[in-house]
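Values in this document were obtained by computation on a predicted structure and should not be read as measured data. Every chain is numbered from 1 and lettered A, B, ... according to where its sequence line falls, protein lines coming before strand lines.
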Amino acid sequence: MVRSLFLFDMTFWLYLAALVLYIAYLFARRPVMALAPAGHPLTDNFDERDGVWATQLGQIATLITVFGWIVNSGALFTRAFERMQTSGTFAPWSNQFEAMAYVSWAIILGYVLLELRYKIKAIGAFVVGIGFIAMGAASLLPYRYQTAEPLVPALNSYWIYIHVSITLTSYAAFAMAGGLGVMYLFKERAERRGSTSRFYAAFPDLETIDELGYKAITVGFPLLAFGIILGAMWANYAWGGYWSSDPKETWSLIVWLIYGAYIHARMTRGWEGHRAAIYAIFGFLMVVFCFWGVNFLLSGLHAYA
Amino acid sequence: MSLDFVKGMKQQAEVSIASRKEIVSQQLAQYFIEKGYKVLAKNDPGEVTIYATKGVLGRVGAHMAHLSATVIIVGGLIGTYYGFQEFGVCIEGQTYHIPRGNFDLTIDKFWIDYHENGSVKSYNSTLTVVDGGKSVVTKTISVNDPLVYKGIWFYQSSYGDSWDQVELARVNIKEKGTDKVVKTVDLQWQKEQTVPDLDLKLSVTDFVADFAFNSTEKKVFSKTVEHANPAIRLAVNERSTVQSTPWIFYQFPDLFDIRESKYQFELVGYKPKKFTGLQIAKNPGINIVWTGSTMIVVGITLSSFIFHRRIWIKIIPAPVGVTVFIGGTTHKSQLDFQKEFRKLTDTLRTFQATSS
C-alpha cells in the first residue's frame with residue numbers, strides 16, 4: 001500500500017512541475033514583434049518558432065510530463081499488485097481515489113499523444129493542468145479512500161476491468177475538450193482586445209483549438225456510449241436488469257446526451273468556435289458532477305467509494 | 001458540375017501543370033486509388049472531370065447510430081411487456097415453485113465467504129432446478145454469476161437474517177427454587193432434544209423476529225423483518241407429565257411462567273437462519289437491446305473516426321499545359337482534411353516537375 005501511495009504522491013509533484021514548466025514556457029516565448037528586424041518581413045511560420053529559452057523549457061516540460069506519466073503508470077501497476085493480494089480482482093480503478101488517478105493518467109497520455117502528433121506545446125498549460133487537478137483532488141481524499149480495501153461482492157467481477165476503464169477514459173477525453181474550451185476562450189478574448197502579449201502569441205490559432213476540442217469529444221462520445229452499455233450488460237449480469245435508473249446511470253446518460261447534442265449542433269447548425277467552447281466547458285462540468293458529485297451527494301448503486 | 005462549384009468549395013486550389021489533361025488525370029486517379037479513394041472520371045473534349053470520394057462508411061455509421069435508438073426502444077418495450085422481474089426470499093433446504101416457468105427450484109445451500117479483514121467476499125446459493133419431478137440443473141450462483149433456465153435468470157441479489165426461523169437457540173434452564181442456572185442448552189430448529197438429568201424434552205417450534213399478536217385470528221406473527229423483539233416458542237415436556245408451549249422473549253425473560261414446572265426457561269441467544277434473496281427475471285427483449293447497443297457503438301465509432309471526404313477536380317487545357325481546379329469538402333475533421341488537401345496539391349505540383 002505504502003509503495004503505490006508513494007508513487008501516486010510523486011506523480012502529483014511531477015504533474016505540478018510539468019504544469020509550472022508549461023506555463024513558464026508560454027511566458028518565455030518571445031512576442032512576434034520583438035524578433036522582427038527592421039526591414040525584414042516576417043516569415044510565414046514565424047510565430048511558431050520558439051526562442052532558445054522557450055525551446056528548452058518546452059522540452060523539459062514535455063520530459064517531466066512523460067516521466068510523470070511513467071510514474072503514474074508505475075503507481076497504477078503497483079496498486080494493481082497490491083489489490084491482487086487483498087481482493088480477487090486487481091483493477092487499479094476500484095475506488096474513487098484510484099479512478100481519479102486513472103483519469104489523470106489517461107488525460108496525460110492523451111495530451112502526450114496530442115503533443116507528439118500536432119507539436120503544440122501551449123496546450124500543455126491547460127490540459128496538463130486538468131490532469132494535475134484530477135491527481136491533486138485524488139490526493140486530497142481522506143486516507144481511508146486511498147487504500148485498497150477488498151471489493152464488495154458486486155464489484156468482484158471481470159466487468160470492472162472494462163466498464164470502469166472505458167468510462168473513465170471517456171471522462172478524460174471530455175476533460176481534454178474542457179481544457180481546450182477554456183484555452184479557446186482565453187485566446188479569443190486576447191484576440192478581441194488586440195493583445196500582443198507573448199503569452200497568447202504562443203497559443204495555436206482559434207480554429208486549431210476548436211478542432212482539437214471537437215476531436216477530443218468525438219473520442220469521448222463513443223467511449224462513453226460503450227462504457228454505459230458495458231455497465232448495462234454488467235448490471236444485467238449482476239443485478240438482473242440492464243437499467244436501474246440509479247443516479248450514476250442517469251447522469252451518465254445525461255452527459256452522453258449533452259455531448260450528442262453538441263455533435264449534432266456542430267454538424268447541422270455549424271456550432272463552432274465560441275459557442276462550442278462554452279458548451280465543451282459546460283459538458284465537462286457535467287462530467288465532473290457525474291464523476292464526483294453523484295458519488296458524494298447522491299446515494300445509489302454506484303456509491304462504492 | 002460547373003467550374004464555379006469546384007471553386008466554391010471550402011478547400012480549393014488551382015494548379016497549372018505543363019502536361020496533357022489525359023496524363024494528369026491518369027496520374028491523379030492513380031494517386032487517389034492509392035489513397036483508398038473511389039474515383040469517377042469523365043473525359044470530355046474540353047475538360048476532364050474527376051470525382052473522388054472516401055469514407056462513406058462514416059455517414060453509414062451515423063445513420064446506424066440513429067436507427068439503433070429505435071431498436072433499443074423496441075427491445076425495451078418487448079422486455080417490459082413480455083418479461084418480468086421478481087424478488088424471492090428463500091431459505092436453505094426449501095423448494096419453491098416458479099409459476100412463470102412451471103418448474104421448481106430447490107435451495108440446496110446458502111453460505112457467505114469472508115475476506116481476511118472480515119468483510120464479505122461473496123455470498124453464494126446452490127440451486128437445483130426440478131422440472132417435471134426430475135433434477136435438471138444444479139448450479140452455485142453468486143453475485144455476478146447467475147443461473148439461467150428456460151430463459152429465466154436467477155440472480156444472487158441479497159441475503160439477510162430470516163424473521164421466522166432460527167438455526168440454533170440457546171436456552172438457560174433456571175431452577176425456580178434457587179434461581180440458579182442449572183443448565184444451558186443449544187436447541188436446533190424443530191428438533192426435540194432430551195435433557196436426561198433434568199428429565200426434560202425441549203424443542204423450538206416457532207420463531208418471530210418482531211413479536212406481534214393478531215387477536216382476531218389468534219395468530220402470532222412478525223410485525224417487521226427487523227429483529228426488534230425476538231421470541232421463540234418452546235415445546236416443553238417435563239417428567240412426561242407437564243406439557244407446555246410458552247413463548248419465550250429474548251428481551252423480557254420472565255414474562256411467562258409454567259406453573260407446574262420446576263424450571264424457568266430463558267432465551268439468551270439465537271442464531272437466525274440466513275435467507276438468500278434471489279432476483280428472478282426474464283427479459284425476452286434483451287437481445288434486441290444488445291443488438292441496438294452494438295449498433296450504436298459501431299455507428300458512433302464509424303462516424304467519429306471515418307469522415308466522408310469528397311473531392312472534385314476539373315482539368316482544363318490552358319494555352320500552355322493544363323490548369324487543374326481542385327475543390328474538396330468534408331463534414332468534419334477539417335484539420336486533417338486540410339493537411340490531406342495540402343498534400344494533394346503538393347503532389348499535383350510534382351506531376352509538373354516530372355512531366356516537363
| Do A:P153 and B:Y123 have side chains that get closer than 4.5 Å, going by heavy atoms? |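 SC-SC contact between A:P153 and B:Y123 confirmed.
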
So, taking the atom named [atom1] in [X] and the one named [atom2] in [Y], what distance separates them when rounded to the nearest 0.5 Å?
| X | Y | atom1 | atom2 | result |
| --- | --- | --- | --- | --- |
| A:I217 | B:S304 | CD1 | OG | 11.0 Å |
| A:E211 | B:Q338 | CD | CD | 8.5 Å |
| A:W239 | B:S157 | CH2 | OG | 10.5 Å |

| query | Applying a criterion of heavy atom separation less than 4.5 Å, what residues of residues 291-302 of chain B form contacts with chain A? | reply |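 Interface residues of residues 291-302 of chain B: B:S293, B:I296, B:V297, B:I300, B:T301.
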
Closest non-hydrogen atom pair, [X] against [Y]:
| X | Y | value |
| --- | --- | --- |
| B:Q85 | A:G241 | NE2-CA, 3.5 Å |
| A:V219 | B:F305 | CG2-CE2, 3.8 Å |
| A:I229 | B:W290 | O-CZ3, 4.5 Å |
| B:A281 | A:G240 | CB-O, 3.9 Å |

| Contact leader toward chain B among A:R266, A:M233, A:E207, where contacts are heavy-atom pairs under 4.5 Å |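 Among the listed options, the one with the most contacts to chain B is A:M233.
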
| said: Counting heavy-atom pairs under 4.5 Å with chain B, which one of A:W243, A:W159, A:W234 comes out on top? | reply: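 Greatest number of close heavy-atom pairs with chain B: A:W234.
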
| task | For each of B:S119, B:G79, B:P146, tally heavy-atom pairs with chain A at distances under 4.5 Å, and name the one with the top tally. | result |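 Counting heavy-atom pairs under 4.5 Å, the top option is B:P146.
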
| task | Go through the atoms of A:Y118 and report whether side chain, backbone, both or neither lie under 4.5 Å from a heavy atom of chain B. | result |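 Contact with chain B: side chain only.
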
For atom [atom1] of [X], is the number of surrounding heavy atoms from other residues, nucleotides or ligands below 6.0 Å larger than 12?
| X | atom1 | answer |
| --- | --- | --- |
| B:F84 | CZ | yes |
| A:Y237 | OH | yes |
| B:Y82 | OH | no |
| B:K38 | NZ | no |

| field | Donor-acceptor pair, side chain of B:Y155 and main chain of A:N236, under 3.5 angstrom | value |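 Checking the backbone N and O of A:N236 against the side chain of B:Y155, a donor-acceptor pair under 3.5 Å is found.
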
| Which of parallel (below 30°), tilted (30 to 60°) and perpendicular (above 60°) describes A:H264 and B:H66? |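 Because their plane-to-plane angle lies in the 30° to 60° range, the rings of A:H264 and B:H66 count as tilted.
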
| After noting the C-alpha distance and the side-chain angles of B:N144 and A:Y158, does the key distance pass the side-chain contact (heavy atoms from CB on, under 4.5 Å) rule? | CA-CA 9 Å; B:N144 282 312; A:Y158 54 85; over 6 Å; no

| query | By side chain to side chain donor-acceptor pair (under 3.5 Å), which residues pair with B:S158, not counting sequence neighbours? | reply |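 With sequence neighbours excluded, B:S158 shows a side chain to side chain donor-acceptor pair (under 3.5 Å) to no residue whatsoever.
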
